[in-house]
There are 2 protein chains.
Amino acid sequence: MNVIEIIKKKRDKKELTESEIDFLISKYTTREIPDYQFSAFLMAGFINGFSKKETAFLTKSMLHSGKVLNLNSITGRKVDKHSTGGVGDKTSLIIAPIVASIGIYVPMISGRGLGHTGGTLDKLESIPGFKTNLSIKKFETTLKKVGAALIGQTKEIAPADKFIYALRDVTGTVESIPLITASIMSKKLAEGIDALVLDVKTGSGAFMKNQSESEMLAESLVSTAKSFKKDCIAVISDMNQPLGNHIGNWLEVLESIEILRDGKKNDLTELSLILSGIMIYLGKKAKSIDEGIELAIKVLKSGQAFEKFLQIVKAQSGNINIILNSNEYPKSKYYFELKSEKQCFIKEMNTYEIGMAALELGAGRMTKDDKIDHKAGIIFHKKIGEQINKNDTICSLYSDSQEKINLAKSRIQKAIKFTDKKTKPKILIKKIIS
Amino acid sequence: MNVIEIIKKKRDKKELTESEIDFLISKYTTREIPDYQFSAFLMAGFINGFSKKETAFLTKSMLHSGKVLNLNSITGRKVDKHSTGGVGDKTSLIIAPIVASIGIYVPMISGRGLGHTGGTLDKLESIPGFKTNLSIKKFETTLKKVGAALIGQTKEIAPADKFIYALRDVTGTVESIPLITASIMSKKLAEGIDALVLDVKTGSGAFMKNQSESEMLAESLVSTAKSFKKDCIAVISDMNQPLGNHIGNWLEVLESIEILRDGKKNDLTELSLILSGIMIYLGKKAKSIDEGIELAIKVLKSGQAFEKFLQIVKAQSGNINIILNSNEYPKSKYYFELKSEKQCFIKEMNTYEIGMAALELGAGRMTKDDKIDHKAGIIFHKKIGEQINKNDTICSLYSDSQEKINLAKSRIQKAIKFTDKKTKPKILIKKIIS
């Protein structure tokens with residue numbers, strides 16, 4: 001097989017065969033195909049697209065470029081959730097204990113935050129002692145014992161994706177639905193799951209800014225999962241404002257505790273229950289999504305979910321005392337409260353900018369090597385649709401650096417648009433695709 | 001300026017500015033932009049195209065990546081010819097002396113053969129002693145003194161093209177009209193010419209197999225030349241059979257001598273006179289192309305052109321005794337004559353295959369490092385439209401290896417299709433574009 005001929009075929013809008021795609025992916029993974037040829041292929045594919053079949057072949061080859069977990073020794077359904085990423089999105093921390101409480105196994109391989117979005121791994125690591133770099137063996141035993149385990153991407157899983165993603169990042173070939181699909185699905189299918197729930201974000205804080213693009217991505221993901229005989233349902237959820245009230249790693253753990261333990265109710269609670277409900281349905285512990293949601297509410301209210309959360313933290317070497325006594329956690333040196341000058345409503349939030357402000361405070365990283373300040377972040381006391389009175393605090397910023405507070409403050413001030421007229425709360429769930 | 005943003009702009013079908021294109025080309029030439037980013041850009045440009053403006057900017061940046069000759073010290077028009085390449089195409093050897101005889105300067109920077117096509121440099125080097133690697137200084141003094149000088153690409157001229165061409169070759173981005181245009185024109189404009197004649201080949205032995213593609217290329221080349229204030233006329237000429245009767249380096253020098261000295265008349269003579277006529281017209285020594293052709297015929301008939309040919313050979317250290325006594329040139333050890341079994345006509349020739357057969361005999365090179373056998377090649381005694389009687393020799397193959405003769409023979413036999421019915425000669429000039 002000749003790499004140039006395959007590139008030309010995609011360039012000329014022809015459909016590639018399974019063996020052609022496998023040749024490209026496997027030889028690129030072993031570095032036998034150089035970057036400059038693979039990037040020409042990626043650009044041809046970006047512009048001319050990939051068919052459903054081709055997308056499945058890409059996924060398959062990337063999946064088999066590394067280890068595929070075999071969780072057959074665990075009897076019971078294995079269901080995971082994947083989010084396309086947003087600001088304040090901490091549903092994994094709430095969902096995993098809820099669903100595991102019902103008796104469904106949740107093998108979660110998560111990512112780190114980059115740019116304006118947070119990452120589950122960083123949030124978990126804000127818990128003192130919490131280990132996300134478990135070996136595959138330890139991951140399996142923890143999953144079996146506790147019902148959920150959360151780790152980071154390992155070198156053994158889908159190495160092709162790692163190489164391809166790095167190349168896409170520097171060649172202007174990131175925003176391609178088939179390439180995004182193959183990247184996500186190759187990693188998720190490697191987890192040895194039976195079913196998957198997808199939370200595809202749409203809006204100013206999401207990678208896909210408009211809903212039709214988000215729907216196309218959701219459809220591509222669902223159809224690819226199904227071609228691998230995995231049950232899959234996608235939720236298109238709003239990301240035109242931060243999810244929940246807290247942004248920043250430890251602040252997000254705190255909000256998860258408030259929901260799991262203290263019964264806090266907001267959009268984060270709502271989305272977590274819906275996603276849990278779908279997972280419970282796909283995990284065959286409920287006959288419908290609604291029944292799944294009811295079960296989720298039950299284990300949340302009963303405290304079983306919080307109990308499971310503590311078990312997960314403990315199993316992964318996290319300090320549960322700090323969870324139980326969260327006021328002992330170190331505090332940021334500086335804070336700033338953005339107050340309202342008059343009665344008003346939030347009209348619009350540039351959620352990307354809010355994510356960037358949180359990053360600027362120390363909650364995120366611009367490059368992979370940046371160090372995170374786990375305490376830093378933002379708490380929003382008001383969201384779109386809520387009435388704000390004069391002198392009400394709209395949000396609080398936390399950082400160990402006054403300079404960072406100042407930078408983030410001006411960013412936040414530009415990112416929020418106010419109005420005198422009452423605004424409607426955002427509709428959280430835009431669509432469910434199955 | 002950000003390379004990824006520029007790649008994305010081309011990817012999204014937007015027109016690039018002069019400074020964006022110059023940034024890409026200059027940074028790629030200095031290797032500050034890596035191959036993998038430039039190949040993504042090339043593929044985006046290949047698929048989405050480049051406007052006339054962009055093509056001119058590409059050409060300009062590639063031209064200025066190296067030295068641009070200044071021939072202002074030579075008073076008189078400087079006119080060159082460029083051919084897109086074919087089989088048996090030796091017009092440069094005939095045109096340069098004809099046009100220089102009229103008092104027009106011909107500064108020719110030529111290429112080597114690669115694949116099925118021959119190259120002027122290899123043909124000239126088959127003349128014992130002939131030097132094509134003159135310094136720029138020597139090139140200029142030779143041009144001034146003799147009226148024509150023929151050298152190879154130097155490192156100083158359009159280095160960007162060298163890098164870009166090598167990358168295009170391995171990333172499936174060769175057959176792009178704007179990229180071909182920039183590649184050709186950046187090198188030709190570096191010669192310091194006033195005008196240019198283009199011989200754009202079309203047919204089975206050309207890089208562009210169909211006429212509409214050849215016309216598009218010709219139009220792109222002419223319009224780009226004009227944007228640099230250079231007079232330019234393109235001829236679309238037939239390449240559905242070898243040009244003239246001889247293929248192979250010394251064999252082609254021989255045929256040039258037959259035309260320049262002995263008055264041989266065939267399609268090669270005809271095309272050489274037309275191209276010369278256009279150059280003479282563009283060189284302002286004739287008021288029309290027809291008048292230019294008449295002048296060309298005159299200096300050819302009078303022997304002035306042959307005399308000029310000898311001057312050129314001598315000025316570039318070639319042995320003119322062997323030109324005058326060509327039967328003293330070494331002969332190939334083996335030959336084979338393809339005879340006709342019955343009365344017939346040639347219906348069709350796969351000229352690409354014929355070029356490959358000549359290469360196989362030793363006349364060409366598959367890779368840049370292959371060594372050429374200057375004596376090797378093919379002489380066609382019959383062409384499309386000529387009657388062939390039983391036992392007539394259709395063509396003769398020459399090589400120092402019997403094995404190569406056998407391989408080329410079977411290739412040639414497959415490449416030529418015969419018919420009982422009389423066939424029409426091919427129309428040589430398909431179109432003139434100015």
Side-chain angles (χ1 to χ4, degrees), chain A residues 1-14 16 20-21 23-24 27-29 31-50 114-115 162-180 207-210 213 366-367, chain B residues 1-14 16 20-21 23-24 27-29 31-50 114-115 162-180 207-210 213 366-367:
Chain A
M1 233 174 263
N2 179 322
V3 56
I4 302 176
E5 292 307 315
I6 304 175
I7 295 172
K8 285 184 181 175
K9 210 172 156 185
K10 182 37 69 191
R11 178 196 82 186
D12 297 339
K13 300 189 171 66
K14 287 174 193 140
L16 301 182
E20 285 167 337
I21 287 176
F23 175 83
L24 283 182
K27 296 284 177 194
Y28 182 58
T29 308
R31 322 311 276 164
E32 286 165 84
I33 290 177
D35 284 339
Y36 57 79
Q37 288 184 321
F38 204 79
S39 69
F41 164 72
L42 287 172
M43 184 55 83
F46 186 103
I47 297 174
N48 291 336
F50 292 99
L114 193 64
K162 207 185 132 205
F163 296 132
I164 295 171
Y165 193 85
L167 188 63
R168 282 168 60 205
D169 200 32
V170 292
T171 55
T173 49
V174 169
E175 309 90 338
S176 153
I177 285 175
L179 294 176
I180 295 171
F207 286 105
M208 300 275 166
K209 309 281 180 236
N210 73 63
E213 273 184 341
M366 263 324 271
T367 74
Chain B
M1 231 173 264
N2 179 321
V3 55
I4 301 175
E5 292 308 315
I6 304 175
I7 295 171
K8 284 184 180 174
K9 211 172 154 185
K10 180 43 63 193
R11 178 197 80 186
D12 296 339
K13 299 191 173 65
K14 286 174 194 141
L16 301 183
E20 286 168 338
I21 286 177
F23 175 83
L24 284 182
K27 296 285 179 198
Y28 182 57
T29 308
R31 323 310 277 162
E32 286 165 83
I33 291 177
D35 284 339
Y36 57 80
Q37 288 184 321
F38 204 80
S39 68
F41 164 72
L42 287 171
M43 184 55 84
F46 186 105
I47 297 174
N48 291 337
F50 292 99
L114 193 63
K162 207 185 132 204
F163 296 131
I164 296 171
Y165 193 84
L167 189 62
R168 283 168 60 207
D169 200 34
V170 293
T171 54
T173 50
V174 169
E175 310 89 336
S176 153
I177 285 175
L179 294 176
I180 295 172
F207 286 105
M208 301 275 166
K209 310 281 180 235
N210 73 63
E213 274 184 339
M366 262 326 268
T367 76

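As the structure is a computational prediction, the values presented were derived from the model and not from experiment. Only heavy atoms go into these numbers, but all of them, side chains included; no hydrogens, no water, no symmetry mates. Chain identifiers are assigned alphabetically (A, B, ...) following the order of the sequence lines, protein sequences preceding nucleic acid strands; residue numbering begins at 1 within each chain.
Residue I6(B): no heavy atom, backbone or side chain, is found under 4.5 Å from chain A. For chain A, no part of F38(B) is nearby; none of its heavy atoms comes within less than 4.5 Å. Using a 4.5 Å cut-off between heavy atoms, D169(A) contacts chain B through its backbone alone, with no side-chain atom that close.
The 12-atom threshold is not exceeded at NZ of K162(A), counting heavy atoms of other residues, nucleotides or ligands nearer than 6.0 Å.
In terms of heavy atoms, S39(A) sits closest to A40(B) at OG-N, 3.9 Å. Y36(A) approaches T171(B) most closely through the heavy-atom pair O-CG2, 3.6 Å.
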**OP:** Take R11(B) and E175(A) through the test side chain to side chain contact (heavy atoms under 4.5 Å, CB included) and record every step on the way to the result.
**Re:** CA-CA 11 Å; R11(B) 178 197 80 186; E175(A) 309 90 338; 3.0 Å; yes
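In terms of heavy-atom pairs under 4.5 angstrom with chain A, the leader among L42(B), I7(B), I4(B) is I4(B).
Taking CG of D35(A) as the start and CD of Q37(B) as the end, the distance is 10.5 Å to the nearest 0.5 Å.
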